[in-house]
Amino acid sequence: EKETNRGYSDSRVSERALREIYLRPFEIAVKTANPWAIMSSYNKVNGVETAENHSLLTNILQGEWGYNGVVSSDWWNDSVQYKELLAGQSLKMKSGDEAGILGAYKSGILSRETIESHVKRVLELVIKSKAVSRVTEDSAIEISGEENTVFLSIDSTWKSSEVGMEECRDKNGTYNTTNTYGGQWLVFVIDVKETGRYKVELRIASNDGSGSINFLVDGKVVGGFHNTVKTGDWQKWAKSDGRLTLNLTEGVHELRLNFTGGSFNINTITLIPQ
């Protein structure tokens, strides 16, 4: 419960005080909220690094409390990673030791079963956080083959970390994505109800018209906008020129917008059957 010398201090505490005072808030959090991740601290507890403490991370946290999420180190901690894996910690932030893990495995200190159990926990966290594609009909935006389909850019299934959101300052009163610089992206899961050609129309605001986007369907580049509409302000809206048409087959697909240059705001995306 202190910051002074937090990287090297050794908290000496009795088993009763540890459980009744210091671990109790964590026990409540785990049993009532089932958090996805928990971070170990820098310091030692009774002479053992918390990141290497099998009693804390496996016996109590996972065994007694039933925790099934990921345990992560604090950044740049100085514990030994293969000992962390043996203790029950799956992630080492920023300072991983691949060679040490491989050496412990080859020498028989670390089993393949232990390594795979940590890999499983990390992958489960990745899937829950939508950091990877999970294309399902339940999460898809339905694309009509008979009438225009309009959806907000903020309603992406997932997006890159820098893309933000703000309220449009116009009569529509909806929201738009921001920070769509080169290297950022949006992904939508779409459920196309009828095979055909669909014209893409964006509602865009761009100060200088320098923005560019590549459109991908199921990972394949199918076209894009290069030098978007110049509106003269980040909240002055106009429609794109309608040059882009997508050939879509019936079924569920990933529609990805890769921003390759410039910056602009997008309010809505419209697919128009041709």
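Atoms considered below: every heavy atom in the structure, side chains included; atoms not considered: hydrogens, waters and symmetry mates. Given the structure is predicted, the values throughout are model-derived calculations rather than measurements.
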Short side-chain to backbone donor-acceptor contact, [X] and [Y], under 3.5 Å:
X	Y	value
H118	L85	yes
S160	W185	yes
T231	K236	yes

[X], [atom1]: over 12 other non-hydrogen atoms inside 6.0 angstrom:
X	atom1	value
E116	CD	yes
Q274	CD	yes
K239	NZ	no

Is it true that the side chains of [X] and [Y] contain a donor and an acceptor less than 3.5 Å apart?
X	Y	answer
T249	T195	no
T50	S41	yes
N258	Q184	no
T180	T177	no
E166	Q235	yes

Requested in this report: Test E49 against N43 for side chain to side chain contact (heavy atoms under 4.5 Å, CB included), laying out the working first.
Outcome: CA-CA 6 Å; E49 297 274 2; N43 61 287; over 6 Å; no
So how far is it from [X] [atom1] to [Y] [atom2], rounded to the nearest 0.5 Å?
X	Y	atom1	atom2	answer
I266	F225	CD1	CZ	9.0 Å
L110	Q81	CG	CD	9.5 Å
N176	E167	CG	CD	9.5 Å
N148	L271	CG	CG	9.0 Å
L255	D218	CG	CG	9.5 Å
I272	R197	CD1	CZ	13.0 Å

Do the side chains of [X] and [Y] get close enough for a salt bridge, i.e. N-O under 4.0 angstrom?
X	Y	value
E124	R121	no
E64	R19	yes
K83	D97	no
R12	D10	yes
K193	E250	no

[X] to [Y] - nearest heavy-atom pair and separation:
X	Y	value
A87	N53	CB-N, 3.6 Å
W237	N265	CZ3-O, 3.5 Å
I213	H226	O-CE1, 3.8 Å
H54	L86	CD2-O, 3.2 Å
S153	L186	O-CD1, 3.9 Å
I141	T149	CG2-CG2, 4.5 Å

Requested in this report: Take F151 and F188 through the test ring pair (Phe, Tyr, Trp, His ring centres under 6.0 Å) and record every step on the way to the result.
Outcome: CA-CA 10 Å; F151 50 97; F188 303 86; 5.3 Å; yes
Hey, does [Y] have a side-chain heavy atom less than 4.5 Å from the side chain of [X]?
X	Y	answer
V229	F264	no
V122	L91	yes
V200	L246	yes

Report task. Dump the intermediate steps for side chain to side chain contact (heavy atoms under 4.5 Å, CB included) on N267 and L152, then the final yes or no. Result -> CA-CA 6 Å; N267 176 212; L152 292 173; 3.7 Å; yes
Report task. Would you please test N77 and E84 for side chain to side chain donor-acceptor pair (under 3.5 Å) and show each step? Result -> CA-CA 11 Å; N77 78 333; E84 295 175 358; 3.1 Å; yes
Requested in this report: Take S206 and K230, measure what side chain to side chain contact (heavy atoms under 4.5 Å, CB included) needs, and give me the verdict at the end.
Outcome: CA-CA 5 Å; S206 176; K230 179 179 179 179; 5.7 Å; no
Report task. Take D74 and K94 through the test salt bridge (charged side-chain N to carboxylate O under 4.0 Å, His left out) and record every step on the way to the result. Result -> CA-CA 9 Å; D74 207 335; K94 199 62 176 177; over 6 Å; no
Report task. For the pair W158 and V189, evaluate side chain to side chain contact (heavy atoms under 4.5 Å, CB included) and give the outcome as yes or no after the intermediate values. Result -> CA-CA 9 Å; W158 59 97; V189 177; 4.1 Å; yes
Can you give each donor-acceptor pair under 3.5 Å made by side-chain atoms of residues 99-109, sequence neighbours left out, with the distance rounded to 0.1 Å?
{"residue": "S107", "atom": "OG", "partner": "G103", "partner atom": "O", "Å": "3.1"}
{"residue": "S107", "atom": "OG", "partner": "A104", "partner atom": "O", "Å": "3.1"}

Report task. Decide yes or no on ring pair (Phe, Tyr, Trp, His ring centres under 6.0 Å) for Y8 and Y42, but give the supporting numbers first. Result -> CA-CA 7 Å; Y8 308 99; Y42 291 119; 8.8 Å; no
Query raised in the report: Given a cutoff of under 4.5 Å between side-chain heavy atoms of I, L, V, M, F, W and Y, with clusters grown through shared members, what are the other residues clustered with L61?
Result: V13, L18, I21, Y22, L23, F26, V30, I38, V45, L56, L57, I60, W65, Y67, V71
**Report entry** Name of the residue among S73, S72, S79 meeting side chain to side chain contact (heavy atoms under 4.5 Å, CB included) with Q89
**Finding:** S73
